Participant: 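Please read through the structure below; I'll follow up with questions.
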Amino acid sequence: MATTTRDDDLLTDVFDDEGDRPRGCRWDESVCTSSPEYRVLAGHGDTFDDVLTFCPRHYALYLARLVEVHAPGCAGSLRDHIAEYGPISG
Ligand SMILES: [Zn+2]
Ligand SMILES: [Zn+2]
């Protein structure tokens, strides 16, 4: 059987072995058991390899933290940190 490389490998990485259920909210400041509804493809400079999934509340907090806490001390723009973001489809 041929092995195919899919462009969306990074995104499928956030799903568990059952294939279609995200593992959980990735908020790193507290344990969150809410089901994730949004994803962010995050990185720095030109490497984007961090796929993060968040519940709606922590998605908003993540973006706010990036803008209000990280951005003032960083020369990069928001687009240098987030390649893709939005609701998890399906
Ligand atoms: Zn959360
Ligand atoms: Zn930065």
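Read the numbers this way: they start at 1 and go in the same order the structure lists the ligands and their atoms. Please read all numbers here as calculations on a predicted model, not as lab measurements.
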Participant: Any idea which heavy atoms bring C55 and C25 closest together, and the distance?
Facilitator: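 Heavy atoms of C55 and C25 come nearest at N-SG, 3.6 Å.
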Participant: Check this for me: does any side-chain nitrogen of one of D28 and R65 sit under 4.0 Å from a carboxylate oxygen of the other?
Facilitator: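 Salt bridge flag = yes for R65 with D28.
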Participant: Would you give the angle at the Zn ion (ligand 1) between C55 atom SG and C25 atom SG, to the nearest 10°?
Facilitator: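 Here the angle at the metal atom is close to 120°, to 10°.
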Participant: Under 3.5 Å, is there a donor-acceptor pair between the side chain of T53 and the main chain of G24?
Facilitator: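 At least one qualifying donor-acceptor pair exists.
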Participant: What is the name of the N/O/S atom in H58 that sits closest to the Zn ion (ligand 1)?
Facilitator: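 Of all N, O or S atoms in H58, the Zn ion (ligand 1) lies closest to ND1.
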Participant: I need the Y59 OH to F54 CZ distance, nearest 0.5 Å.
Facilitator: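 Here the interatomic distance stands at 10.0 Å.
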Participant: Of all the N, O or S atoms in H70, which one sits nearest to the Zn ion (ligand 2)?
Facilitator: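 Result: NE2.
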Participant: Kindly give the atom name of the N, O or S atom of H81 closest to the Zn ion (ligand 2).
Facilitator: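 This residue's closest N, O or S atom turns out to be NE2.
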